S.K.: 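I have a structure here, written as structure tokens, and I will follow up with some questions on it.
Because the structure is predicted, anything quoted here is derived from the model rather than measured.
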Amino acid sequence: MRNSSRSKVDPFIVMDVMEAARKAEEQGRHIIHMEVGQPSTGAPEAARRALADAIERDSMGYTVALGLPALRKRIAALYGEWYNVDLNPERVVITPGSSGAFILSFTALFDSGDRVGIGAPGYPSYRQILSALGMQPVDIQTAPEHRLQPVAADIRDQNLAGLMVASPANPTGTMLDKPALSALMEAAQAEGASFISDEIYHGIEYEAKAVTALEISDECYVINSFSKYFSMTGWRVGWMVVPEDHIRTVERIAQNMFICAPHASQVAALAAMDCRDELEANLAVYARNRALMLEGLPKAGFSKIAPPDGAFYVYADVSDLTQDSRAFAAEILEKAGVAVTPGLDFDPLRGATTLRFSYARSTADIEEGLARLRAFMEARG
């Protein structure tokens with residue numbers, strides 16, 4: 001049987017790196033994982049306990065397509081707690097991870113052939129999901145002087161049907177402050193482009209609190225997830241906030257595409273939202289790891305780095321060290337036993353000269369990884 005032209009998406013290179021690291025571990029090697037954007041901690045204890053209790057009394061069947069009403073209400077309350085935004089819970093849609101929210105958003109907002117702007121470097125699955133849905137991703141080449149984030153001038157006269165931004169961003173960890181985010185949203189509106197804000201790293205910030213697009217306008221889609229701050233990657237549960245006149249449209253699509261997000265994951269997610277002490281303890285680990293990375297990477301020879309305002313990544317320009325980041329990452333894995341991600345995942349044009357380092361693991365792992373990187377670079381000369 002033939003494959004569709006839409007199916008010809010690129011591989012997610014970080015998953016290939018993970019597989020190479022797994023094979024090395026299978027051979028008995030101890031690998032330090034700086035490749036994957038995944039907390040080393042599991043779901044909060046109270047979340048696991050809540051699910052265990054619920055399983056004893058509930059069959060865990062389908063929920064309604066938009067998600068458990070109690071979870072939607074609790075998420076709406078979070079916007080009041082974090083941003084002083086009064087949010088109608090009916091606008092909250094529970095999704096199968098943020099990936100499910102991307103699919104729902106792109107399907108609800110765009111037609112086949114529509115051009116959708118995404119920042120480069122940026123999360124690679126934006127590009128691949130848009131392509132698989134028959135839309136045209138438009139890479140916006142961002143500049144270091146703009147913290148590797150798009151600016152209003154970048155999207156003018158681009159004939160965009162939509163613009164997607166992320167703050168804190170993957171792979172850079174850089175954030176947009178309120179004036180910068182406002183300017184982008186106004187520019188998108190002037191161009192007639194729908195605006196989507198990926199906020200899945202909110203809660204993992206350091207010097208300043210991240211700004212939600214909902215502080216600026218209700219005419220946007222906002223996407224978030226329980227994967228990062230709430231440490232629930234494998235549970236596959238996220239959410240999106242949509243304008244009130246889009247609720248029914250998204251509901252119809254969700255009913256047909258997913259039926260609902262996993263019931264069990266929704267139960268755990270609801271409990272996780274009140275595990276503040278445990279979650280803030282995780283954040284303290286990331287903060288410590290970030291300080292170690294900002295000190296240790298330059299000492300190892302990786303000095304051209306983006307300012308990691310949030311998330312748990314450092315994005316490094318390694319153009320002085322290689323023109324082939326994929327081969328360089330493979331060399332680091334082989335000789336140093338440290339798995340890192342080549343930038344080709346995030347920026348097809350400039351990614352051959354960049355690497356992403358994740359510091360989501362334990363502090364002991366980060367210390368060991370930095371020591372190995374420094375020894376590797378010294379030996380490399």
S.K.: Apply side-chain contact (heavy atoms from CB on, under 4.5 Å) to the pair M240 and S98, showing each step before the final yes or no.
M.R.: CA-CA 8 Å; M240 56 195 287; S98 61; over 6 Å; no
S.K.: Keeping the roles fixed (side chain from N256, backbone from R252), state whether a donor-acceptor pair exists under 3.5 Å.
M.R.: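 Yes, the answer is positive, given that a donor and an acceptor are paired below the 3.5 Å cut-off.
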S.K.: What distance do K23 atom NZ and M18 atom CE have between them, rounded to the nearest 0.5 Å?
M.R.: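 Answer rounded to 0.5 Å: 13.5 Å.
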S.K.: What closest approach, in Å, do P308 and V314 show between heavy atoms, and which atom pair accounts for it?
M.R.: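 The pair with the smallest heavy-atom distance is CG-CG2, 4.3 Å.
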S.K.: Give the intermediate values and the outcome of salt bridge (Lys or Arg N to Asp or Glu O under 4.0 Å) for residues R290 and E207.
M.R.: CA-CA 12 Å; R290 173 178 178 266; E207 271 85 30; 3.0 Å; yes
S.K.: Will you find, in the side chains of T354 and Y315, an N or O donor that is under 3.5 Å from an N or O acceptor?
M.R.: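 Yes - a donor-acceptor pair under 3.5 Å links their side chains.
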S.K.: Please give me the minimum heavy-atom distance between G37 and S358, naming the atom from each residue.
M.R.: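 So the minimum-distance heavy-atom pair works out to CA-OG, 4.2 Å.
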S.K.: Salt-bridge test for D139 and R350: reply yes if a basic N is under 4.0 Å from a carboxylate O, no otherwise.
M.R.: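 So D139 does not pair with R350 through a salt bridge.
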S.K.: Can you find a pair of side-chain heavy atoms, one from L133 and one from T107, that are under 4.5 Å apart?
M.R.: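 When only atoms from C-beta onward are counted, T107 and L133 do touch, with a gap below 4.5 Å.
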S.K.: Under the rule for side-chain hydrogen bond (donor to acceptor under 3.5 Å, both in side chains), what residues qualify as partners of D218, not counting sequence neighbours?
M.R.: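 Applying side-chain hydrogen bond (donor to acceptor under 3.5 Å, both in side chains) to D218 gives R91.
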S.K.: For D157, does its backbone N or O pair with a side-chain atom of E191 as donor and acceptor, under 3.5 Å?
M.R.: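 Flag set: sc E191 to bb D157 pair under 3.5 Å.
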S.K.: Are Y313 and Y201 near enough that their ring centres are under 6.0 Å apart?
M.R.: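 Close enough - the centres of the two rings lie under 6.0 Å apart.
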S.K.: Please check if atom NZ in K209 has more than 12 non-hydrogen atoms from other residues, nucleotides or ligands closer than 6.0 Å.
M.R.: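 Above 12, so yes.
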S.K.: Look up atom OG1 in T249 and atom CG in L109, then write down how far apart they are to the nearest 0.5 Å.
M.R.: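 Result: 9.5 Å between the selected atoms.
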S.K.: For S4, does its backbone N or O pair with a side-chain atom of S7 as donor and acceptor, under 3.5 Å?
M.R.: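 Side chain of S7 to backbone of S4: a pair is present.
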S.K.: With a 3.5 Å cut-off and no angle check, do the side chains of T41 and S231 form a donor-acceptor pair?
M.R.: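 Yes, S231 and T41 have a side-chain donor paired with an acceptor closer than 3.5 Å.
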S.K.: Indicate yes or no for a side-chain donor-acceptor contact from T142 to the backbone of P150 under 3.5 Å, with no hydrogens or angles considered.
M.R.: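 Side chain of T142 to backbone of P150, a donor-acceptor pair under 3.5 Å: no, none is there.
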S.K.: Would you say that C275 contacts E45 through its side chain, given a criterion of any heavy-atom pair below 4.5 Å between the two side chains?
M.R.: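 Counting from C-beta outward, C275 and E45 never come under 4.5 Å.
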S.K.: Is the closest side-chain donor-acceptor distance between D309 and T174 under 3.5 Å?
M.R.: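 Checked: D309/T174 side chains show no N/O donor-acceptor pair below 3.5 Å.
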S.K.: Might you work through the side-chain contact (heavy atoms from CB on, under 4.5 Å) test for L373 and L297, ending with a clear yes or no?
M.R.: CA-CA 8 Å; L373 288 171; L297 283 176; 4.1 Å; yes
S.K.: Could you tell me whether M15 atom CE has more than 12 heavy atoms of other residues or ligands within 6.0 Å of it?
M.R.: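 Open.
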S.K.: Would you confirm whether E215, through its side chain, and T212, through its main-chain N or O, come within 3.5 Å as a donor-acceptor pair?
M.R.: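 Flag set: sc E215 to bb T212 pair under 3.5 Å.
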S.K.: Say you draw a straight line from CZ of R72 to CG of N88; how long is it, rounded to the nearest 0.5 Å?
M.R.: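 Rounded to the nearest 0.5 Å, the CZ-CG separation comes to 8.5 Å.
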S.K.: For the pair Y79 and W239, name the ring-plane relationship: parallel under 30°, tilted 30 to 60°, perpendicular over 60°.
M.R.: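 Perpendicular, since the angle between the ring planes exceeds 60°.
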S.K.: Write out all pairs satisfying side chain to side chain donor-acceptor pair (under 3.5 Å) with one or both partners inside residues 257-269, taking only residues at least two apart or from two chains.
M.R.: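 Passing the test, one end in residues 257-269: T63-Q266.
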S.K.: Counting neighbours of CD on Q189 that are heavy atoms of other residues, nucleotides or ligands and sit closer than 6.0 Å, is the number greater than 12?
M.R.: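 Counting neighbours around CD of Q189, 12 or fewer heavy atoms of other residues, nucleotides or ligands fall under 6.0 Å, so no.
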S.K.: Judged by atom type as modelled, is there a donor-acceptor pair below 3.5 Å linking the side chain of Y206 to the main-chain atoms of A311?
M.R.: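 Here the side-chain-to-backbone pair exists.
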S.K.: Contact between I223 and S105 at the side-chain level, heavy atoms closer than 4.5 Å - yes or no?
M.R.: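 The answer is yes, as the side chains (C-beta and beyond) meet within the 4.5 Å cut-off.
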S.K.: Verify the distance criterion only: is there a donor paired with an acceptor across the side chains of E25 and H33 at less than 3.5 Å?
M.R.: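 Side-chain D/A pair, E25 to H33: present.
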S.K.: Any side-chain heavy atom of P89 within less than 4.5 Å of one from I75?
M.R.: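 Result no, sub-4.5 Å side-chain heavy-atom pair not found.
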S.K.: Answer yes or no: are there more than 12 heavy-atom neighbours, outside D86 itself, under 6.0 Å from its atom CG?
M.R.: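 Count not over threshold, so no.
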S.K.: Just how far is it from atom CD1 of I366 to atom CZ of F357, taken to the nearest 0.5 Å?
M.R.: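 I366 atom CD1 to F357 atom CZ measures 11.0 Å (nearest 0.5 Å).
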S.K.: State, without any angle test, whether T322 and D324 hold a side-chain donor-acceptor pair at a distance under 3.5 Å.
M.R.: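 Per modelled atom types, T322 and D324 side chains form no pair under 3.5 Å.
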S.K.: Which heavy-atom pair separates V116 from L160 by the least distance, and what is that distance?
M.R.: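 Heavy atoms of V116 and L160 come nearest at C-CD2, 4.3 Å.
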S.K.: Could you walk me through whether L270 and L68 satisfy the side-chain contact (heavy atoms from CB on, under 4.5 Å) test, starting with their C-alpha distance in whole Å, then the side-chain angles of each, then the deciding distance to 0.1 Å, before giving a yes or no?
M.R.: CA-CA 9 Å; L270 177 58; L68 291 173; 5.8 Å; no
S.K.: Report yes if the side chains of D111 and D114 come closer than 4.5 Å at any heavy-atom pair, otherwise no.
M.R.: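 Side-chain contact under 4.5 Å: yes.
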S.K.: Quick check: closest heavy atoms across G173 and P168, and the distance to 0.1 Å?
M.R.: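 For G173 versus P168, the nearest heavy atoms are O-CB, 4.1 Å.
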S.K.: Is the number of heavy atoms from other residues, nucleotides or ligands under 6.0 Å of R380 CZ greater than 12?
M.R.: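 Enclosed: over 12 neighbouring heavy atoms sit under 6.0 Å from CZ of R380.
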S.K.: Consider only side-chain N and O atoms of E205 and Y229, and report whether a donor and an acceptor are under 3.5 Å apart.
M.R.: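 Looking only at side-chain atoms, Y229 and E205 do not form any donor-acceptor pair under 3.5 Å.
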S.K.: Between R48 and A43, is there a donor-acceptor pair closer than 3.5 Å when you use the side chain of the first and the backbone of the second?
M.R.: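 Pair found, side chain donor or acceptor close to backbone of A43.
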S.K.: Does CG belonging to N84 count more than 12 external heavy atoms closer than 6.0 Å?
M.R.: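 Counting neighbours around CG of N84, 12 or fewer heavy atoms of other residues, nucleotides or ligands fall under 6.0 Å, so no.
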S.K.: Kindly say whether P243 contributes a backbone atom to a donor-acceptor pair with the side chain of E219 at under 3.5 angstrom?
M.R.: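 Such a contact is absent between E219 side chain and P243 backbone.
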S.K.: Less than 4.5 Å apart, side chain to side chain, heavy atoms only: is that true for E19 and R22?
M.R.: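 When only atoms from C-beta onward are counted, R22 and E19 do touch, with a gap below 4.5 Å.
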S.K.: Keeping the roles fixed (side chain from D365, backbone from I32), state whether a donor-acceptor pair exists under 3.5 Å.
M.R.: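 Not at all, since once roles are kept as given, no pair shorter than 3.5 Å links the two residues.
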S.K.: With no hydrogens and no angle check, do the side chains of T341 and E35 hold a donor and an acceptor under 3.5 Å apart?
M.R.: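 E35 and T341 do not have a side-chain donor-acceptor pair below 3.5 Å.
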S.K.: Distance from F195 atom CZ to L163 atom CG, nearest 0.5 Å?
M.R.: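 Spacing of CZ (F195) from CG (L163) equals 5.5 Å.
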S.K.: For the residue pair S197 / E199, report whether a side-chain donor-acceptor contact shorter than 3.5 Å exists.
M.R.: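 Yes, a side-chain donor-acceptor pair sits under 3.5 Å.
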S.K.: Ring-plane angle category for F376 and F328, please: parallel below 30°, perpendicular beyond 60°, tilted otherwise.
M.R.: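 Ring orientation, 0 to 90° scale: tilted.
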S.K.: State, yes or no, whether a side-chain contact exists between Y123 and F12 at a heavy-atom distance under 4.5 Å.
M.R.: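 Result yes, sub-4.5 Å side-chain heavy-atom pair found.
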S.K.: Between the side chain of D198 and the main-chain N/O of I200, is any donor-acceptor distance below 3.5 Å?
M.R.: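 Yes: the side chain of D198 pairs with the backbone of I200.
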S.K.: In this structure, are over 12 heavy atoms from other groups packed under 6.0 Å from E90 atom CD?
M.R.: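 For E90, atom CD is not crowded (no more than 12 foreign heavy atoms under 6.0 Å).
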S.K.: Does E81 pair with R74 as a salt bridge, N-O distance under 4.0 Å?
M.R.: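 A salt bridge is present here (some side-chain N lies under 4.0 Å from a carboxylate O).
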S.K.: Minimum heavy-atom separation for A329 to V340, with atom names?
M.R.: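 Heavy atoms only, the tightest pair is CB-O, 3.8 Å.
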S.K.: Find the distance between CG (L294) and NZ (K299) and round it off to the nearest 0.5 Å.
M.R.: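 Here the interatomic distance stands at 12.0 Å.
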S.K.: Is a side-chain donor-acceptor pair under 3.5 Å present for N170 with R356?
M.R.: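 N170 and R356 do have a side-chain donor-acceptor pair below 3.5 Å.
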S.K.: Would a 4.5 Å heavy-atom cut-off, applied to side chains only, mark I204 and L283 as touching?
M.R.: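 I204 vs L283: side chains touch.
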S.K.: Have H30 and R372 got a donor and an acceptor in their side chains that come within less than 3.5 Å?
M.R.: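 A pair is found: one side chain offers a donor N or O, the other an acceptor, under 3.5 Å apart.
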S.K.: Pair R127, D345 - check salt bridge (Lys or Arg N to Asp or Glu O under 4.0 Å), show working.
M.R.: CA-CA 10 Å; R127 185 182 303 108; D345 246 351; over 6 Å; no
S.K.: At their closest point, which heavy atom of E295 faces which heavy atom of P298, and how far apart are they?
M.R.: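 In terms of heavy atoms, the two residues are closest at O-CD, 3.6 Å.
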S.K.: Hey, are E251 and R248 close enough for a salt bridge, meaning a charged N less than 4.0 Å from a carboxylate O?
M.R.: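 Result for this pair is yes, salt bridge flagged.
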